[in-house]
Amino acid sequence: MGTSPDEEVLTLRAQLQRWAAAYFELDAPVVPDADYDQAMRRLETLEREFPNLVTSDSPTQRVGSAPLSEFESVEHRLPMLSLDNAFSAEDLRDFDRRVTERLGLLEVTYCCEPKLDGVAVSIVYESGLLVLAATRGDGATGENITSNVRTIRNVPLALKGDHVPPYLEVRGEVVIPRNAFERMNAQARDAGEKVFVNPRNAAAGSLRQLDSRITAKRPLAFTAYSVGVVEGELPASHDAILQALGDFGLPISDYMETVEGVDACERYYQSLAAQRDGLPFDIDGIVFKVNGLQEQERLGFVSRAPRWAIARKFPAQEVSTQLLGVDFQVGRTGAITPVARLEPVFVGGVTVSNATLHNADEIARLGVQVGDTVVVRRAGDVIPQIVSVTESVGSSSAARRAIEFPVRCPDCGSNVHRVEGEAVMRCVGGMSCAAQLKAVIRHFASRKAMDIEGLGDKLIDQLVDDALVTSVADVFRLTKEQLAVLERMGDKSSENVLASIDKAKTTSLPRFIYALGIREVGEATARALAQHFLSLDELLAAPADVLEGVDDVGPVVARHISEFAHDERNRQSISDLLSSGVNWPSVSVVSGEGPLAGTTWVVTGKLESMGRDDAEQRLRALGAKTASSVSAKTSTVLAGPGAGSKRKKAESLGISIMDESEWLVMLREME
Ligand code: IVH
């Protein structure tokens, strides 16, 4: 190799520091976690072999990087440490050997837990009340994110029970459950907003918001996994402590298990690894902790991690592959999205050959070119993302080719326009661009819009390609003769489609507004607009400043609505739709105001302090909607004792669940 150990140590440190800064400070990892871990391990090995090379500023001596400056700093009374990693069954056995030898035992009791892939936070309760929450930061000093953490639905603001220690610091991980993440991204996509790369980034970004009202809209969830400073009594083993935290009302992992010996640890690892893809949240490994606190104390710490715990990491869900080329897809608003064509690779259980590149800014940020080796990450069912370009020294520049954005629409050949200050390029073809028209109709017919069953992508493609439909209103003029001759149609399916088109004519004002596909007007905004204006005419006539008075509507959305309303073609299209028979019942005033406006609650089980009806009334008085069944639209389930299937359903959907005592505290604060 020719490199001396001291040179290699220096190179590794510089590399690790750069990667850590990109990861912790910029939220933009430049290498897969696996590469980072490997370099860290190599550095640790070298430092063990050559102790004179250890310096106090080596990345092995500290965790992460300094906090960002905008939040107030919080010094952790006890440092928030990191975990050593094991990458194989053998590493895990080595760990167990060290532990048993030091303790002089034949077998040790371990607590096994999933290693949640989110953001570490510390939450302090004084006399049972939440008084402080902080990020880990560099382990010694974090950021004060109390107002953000208070918005997390499953974090109790007050603990329950008679045995809560007077001072209790709880530590745990904040994540966004996978299904909630997908819903959140789908909404963002509908509204033409930025989508998040993965749940961890979304959780980190949400906690870092200076405006906690934004955080409050994010589906964050907390899981406690340990305690920090405690003044008062707690049990003497890790699993019993977590159980006690659970009794205080704190969320703990359902997957925690206490086992005897390393073989059982290995079985737990295998079993969770097999369930990994189906879990409600992302995990990147399993944490094994010596269960007895006395044993933990005897084992103690090395510089940055406890000797009594280890994280066995899963093989990475990030892989490297080659970028073969870039295709451009035209969306509903004409936005042209670059899609990466990749050398197919197997990652996280599927073969990936495409990934989104979002827009020109993202391409510039990544510095990616055709021919590059890129890191692809796949999380759950999310569209695969290109995380970074692999740092490949000496990659021949001849093989690289810059990604060129088309100057004309790849579908209709119209000009392409980039608005100043926006990352997105758009085809100016409007409804004369077949790709845009197809996307508009897909949106119009979609479940949350006009909900036209049977009008799927394939049929829409044929209708547009055969010029049977040149506007949304044409959908309502289709005849059986036209449909029956199309591929895969026939008499029966034509009749069915026509019946559902007819049924869809009777709709609601919020659905219709959403179906119009106004830029950045998603489902929630459409509902807010309908509630505010109560009629379409009022909405279309509203000046920008009035529009901005509506919940959720800022200057940009207001401008999009005004522009839409002033475009003669849109007016024509709306009047065509109305004359084809589209109609909705007139809207009555719905409360829609108060601290719980925009949320939907389900009350279940038997409450101790009041009847269910009263509870629902109290919620509605605070602006909430109440519903009788749990669905993806439910924000929170208030579950009294005896809550059964609704509670289970909420759990499976990742919806937050509140118990009565937490709820009463919330009421006291809000009413
Ligand atoms: S215990 C001293 N348990 O993993 C031990 N950590 O590298 C402290 N993490 O940033 C950590 N799930 O936020 C522990 N069940 C779990 C965990 C967990 C995720 C995170 C933690 C920390 C990182 C450690």
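Start at 1 and go down the list; that is how both ligands and their atoms are numbered. All of these numbers come straight from a predicted model, not from anything done at the bench.
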On a heavy-atom basis, the closest approach of A86 and D91 is CB-CB, 3.5 Å
Sorted by first residue and then second, give each salt bridge (Lys or Arg N to Asp or Glu O under 4.0 Å) pair with at least one member in residues 637-652; sequence neighbours left out.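 Non-adjacent pairs meeting salt bridge (Lys or Arg N to Asp or Glu O under 4.0 Å): R647-E651.
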Could you give all pairs that pass the salt bridge (Lys or Arg N to Asp or Glu O under 4.0 Å) test and reach residues 219-241, with sequence neighbours left out?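 Every pair satisfying salt bridge (Lys or Arg N to Asp or Glu O under 4.0 Å) with a residue in residues 219-241: R77-E231.
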Is it true that R365 and E362 make a salt bridge, defined as a side-chain N closer than 4.0 Å to a carboxylate O? yes
Can you name the salt bridge (charged side-chain N to carboxylate O under 4.0 Å, His left out) partners of E169, sequence neighbours left out? R171
Give a table of atom pairs where an N or O of ligand 1 lies under 3.5 Å from a protein N or O.
from     : atom 1 : to   : atom 2 : distance (Å)
ligand 1 : 3 (N)  : K289 : NZ     : 3.0
ligand 1 : 4 (O)  : K115 : NZ     : 3.2
ligand 1 : 7 (O)  : S82  : OG     : 3.4
ligand 1 : 7 (O)  : L83  : N      : 3.3
ligand 1 : 10 (O) : R136 : NH1    : 3.3
ligand 1 : 12 (N) : L116 : N      : 3.1
ligand 1 : 13 (O) : E173 : OE1    : 2.3
ligand 1 : 13 (O) : Y225 : OH     : 2.7
ligand 1 : 15 (N) : E113 : OE1    : 2.7
ligand 1 : 15 (N) : P114 : O      : 3.3

Does the plane of the ring in F288 sit parallel, tilted or perpendicular to the ring in Y268? Use 30° and 60° as the thresholds.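 Ring orientation of F288 relative to Y268: perpendicular.
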